[in-house]
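Remarks on the structure that follows.
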Amino acid sequence: MTVAHAAELLSAARRGLALTGAGVSAESGIPTFRGEGGLWTQYDPVKVASIEYFMADPSAYWKVSKDRGRVALVARPNPGHHALAALEANGHLAAVVTQNTDGLHQESGSRHVIEVHGSSRTVQCLDCGNREPRREVQARLEVEMPPRCKVCGGVFLKPTVVLFGEPLPQAAIQEAFSLAHEADVMLVVGSSLVVYPAAEIPLVALRYGAKMIVVNAEPTPFDELADVVIRGKSGEVLPEIVALTGG
Ligand code: OAD
């Protein structure tokens, strides 16, 4: 039984590490990027999510981001998020490294969360540096496009997410790689594992001797490297794993 094997590995873990992607938040209503219904099946990411494109035309960026923000702001953690928080609370995971920017891991109770692609809950003015909660900027999008900085009036208001062409947050990425180096079990959930350097994190864990569990709705490029592959929804599979770890 693959779920049982995953639970066995996690129960024995001393330095378990999770890497999560958009699939974990799919059951909270936030569309993924790739795969069925993914955002990048409708839009070209290099166009709508690159820093060059944003700087050239912030309103084009915000027109796409507006819909995603509307959904993300009302989204609530699902059983997959809660299961990851339980695995941490029970000592089976040391941390969750996430490519997601929605803040749902923290909301579900995960304490050690490393956001390698930033956070969409805050918006920063690239001219004066002022920061505002996304919720406030989201409200202005109804009447103002692109939204303007309420301090300096600038038009380059950008969520604190990493766009294509931008560097990753260095402290977060270093911490993620150092946890991968120490990990004995690597649990990868809801990621297509095609975006680097995040996808390198499980490879580093494997190189340093970790066992790997992949929970994903569709095949991933790392399935052949994994000790356990579970094809399914994280909101269903992860609670089953937690139950078998004893709580
Ligand atoms: P993707 O959208 O590339 O992949 C999501 C994966 O989750 C797919 O393989 C789906 O099959 C799977 N999936 C969907 N629903 C699921 C569910 N309920 N349970 C389990 N798996 C499910 O998302 P990421 O790998 O996170 O980058 O994408 C990586 C990066 O690409 C994102 O962080 C973003 C994007 O461009 C930036 O914003 C910088």
Side-chain angles (χ1 to χ4, degrees), residues 2-3 6 18-54 61 64-65 68-69 71-72 75-84 96-105 108 113-122 134 158-170 172-173 176 186-203 213-223 226 228-242:
T2 49
V3 170
L19 171 69
T20 66
V24 171
S25 294
E27 289 156 86
S28 293
I30 304 176
T32 58
F33 297 96
R34 298 169 190 81
E36 209 186 315
L39 196 65
W40 300 155
T41 61
Q42 295 171 55
Y43 300 102
D44 175 357
V46 178
K47 267 193 146 186
V48 302
S50 74
I51 187 67
E52 288 87 342
Y53 186 78
F54 174 82
Y61 169 85
V64 176
S65 185
R68 197 165 173 82
V71 171
R76 288 290 159 264
N78 66 58
H81 295 105
H82 289 297
L84 288 165
V96 176
V97 174
T98 188
Q99 299 165 86
N100 300 343
T101 63
D102 53 38
L104 293 181
H105 284 304
S108 72
V113 180
I114 300 133
E115 294 176 312
V116 288
H117 289 167
S119 166
S120 57
R121 296 206 160 185
T122 304
R134 166 70 186 239
K158 188 182 97 48
T160 55
V161 296
V162 177
L163 296 184
F164 288 103
E166 286 193 298
L168 298 187
Q170 272 318 297
I173 205 80
M186 182 79 228
L187 170 64
V188 184
V189 192
S191 176
S192 59
L193 295 170
V194 295
V195 173
Y196 284 78
E200 185 75 24
I201 292 165
L203 295 180
I213 304 161
V214 174
V215 178
N216 208 64
E218 293 170 79
T220 81
F222 295 175
D223 288 357
V228 182
V229 177
I230 305 173
R231 190 83 61 241
K233 293 185 172 181
S234 52
E236 295 169 5
V237 174
L238 294 179
E240 285 177 32
I241 294 177
V242 171

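Indexing begins at 1, ligand by ligand and atom by atom, following the structure's order.
- Looking only at distances, a side-chain donor or acceptor of N100 sits under 3.5 Å from a matching main-chain atom of G21.
- Closest heavy-atom contact between G37 and P31: O-CB, 4.2 Å.
- Annotation: V195 places no N or O atom under 3.5 Å from an N or O atom of ligand 1; distance criterion only.
- Of the protein's heavy atoms, S234 N, 2.8 Å lies nearest to atom 19 (N) of ligand 1.
- Residue-ligand proximity, G190 to ligand 1, at heavy-atom distances under 4.0 Å covers atoms 5 (C), 6 (C), 7 (O), 21 (N).
- Close to ligand 1: G232, with a non-hydrogen atom less than 4.0 angstrom away.
- Taking a cut-off of under 4.0 Å to the non-hydrogen atoms of E218, the atoms of ligand 1 that pass are 10 (C), 11 (O).
- Checked by distance only, ligand 1 and A217 come closer than 3.5 Å through their nitrogen or oxygen atoms.
- If you check which protein heavy atom lies closest to atom 17 (C) of ligand 1, you get G23 O, 3.3 Å.
- Counting the atoms of ligand 1 from 1 in the order shown, those under 4.0 Å from a heavy atom of W40 are 35 (C), 36 (O).
- Given atom 32 (C) of ligand 1, the protein heavy atom at minimum distance is F33 CE1, 3.6 Å.
- Ligand 1 places these atoms under 4.0 Å from at least one heavy atom of G21: 26 (O).
- Protein heavy atom nearest atom 33 (O) of ligand 1, with residue, atom name and distance: H117 ND1, 2.7 Å.
- Taking every non-hydrogen atom of N216 and a distance limit under 4.0 Å, the qualifying atoms of ligand 1 come out as 6 (C), 7 (O), 8 (C), 9 (O), 10 (C), 11 (O), 12 (C), 21 (N).
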Item to complete: For S119 and T160, run side chain to side chain donor-acceptor pair (under 3.5 Å): C-alpha distance rounded to whole Å, both residues' side-chain angles, the deciding distance at 0.1 Å, then the answer.
Response: CA-CA 5 Å; S119 166; T160 55; 4.6 Å; no
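- Annotation: the span from E27 atom CD to H81 atom NE2 amounts to 9.0 Å, rounded to 0.5 Å.
- Between F33 and W40, the ring planes lie tilted relative to each other; the angle falls in the 30° to 60° range.
- For atom 31 (O) of ligand 1, the nearest protein heavy atom (residue, atom name, distance) is R34 NH1, 3.0 Å.
- Listed by atom number, the atoms of ligand 1 under 4.0 Å from F164 heavy atoms are 36 (O).
- At a threshold of 4.0 Å, the pair K158-E166 counts as salt-bridged, since one of the basic side-chain nitrogens sits closer than that to a carboxylate oxygen.
- In this structure, atom 25 (O) of ligand 1 lies nearest to the protein heavy atom S191 OG, 2.7 Å.
- Remark: side-chain polar atoms of N78 are not paired, donor with acceptor, to backbone N or O of S25 under 3.5 angstrom.
- Counting protein heavy atoms only, atom 18 (N) of ligand 1 is closest to E27 OE2, 2.8 Å.
- In this structure, S28 contributes its side chain and R76 its backbone to a donor-acceptor pair below 3.5 Å.
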Discussion item. Apply side chain to side chain contact (heavy atoms under 4.5 Å, CB included) to residues E115 and T101 and explain how you reach the verdict.
Written reply: CA-CA 7 Å; E115 294 176 312; T101 63; 5.8 Å; no
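- The atoms of ligand 1 that sit less than 4.0 Å from any heavy atom of K233 are 17 (C), 18 (N), 19 (N).
- Minimum interatomic distance between P167 and V162 (heavy atoms only, all atoms of both residues): O-CG1, 3.9 Å.
- S120 and R134 make their closest contact through O-CB, 3.2 Å (heavy atoms, listed as atom of the first residue, atom of the second, distance).
- Atom 39 (C) of ligand 1 has its nearest heavy-atom neighbour, among V162, L39, L163, in V162.
- Ligand 1 has no nitrogen or oxygen under 3.5 angstrom from a nitrogen or oxygen of N100.
- The ligand atoms of ligand 1 that sit less than 4.0 angstrom from a heavy atom of A26 are 15 (N).
- Atoms CG and CZ, on L39 and R68 in that order, are 5.5 Å from each other to the nearest 0.5 Å.
- When hydrogens are left out, the protein atom nearest atom 23 (O) of ligand 1 is A22 CB, 3.4 Å; that is the closest non-hydrogen contact.
- Counting heavy atoms from C-beta on, the side chains of V116 and Q99 come closer than 4.5 Å.
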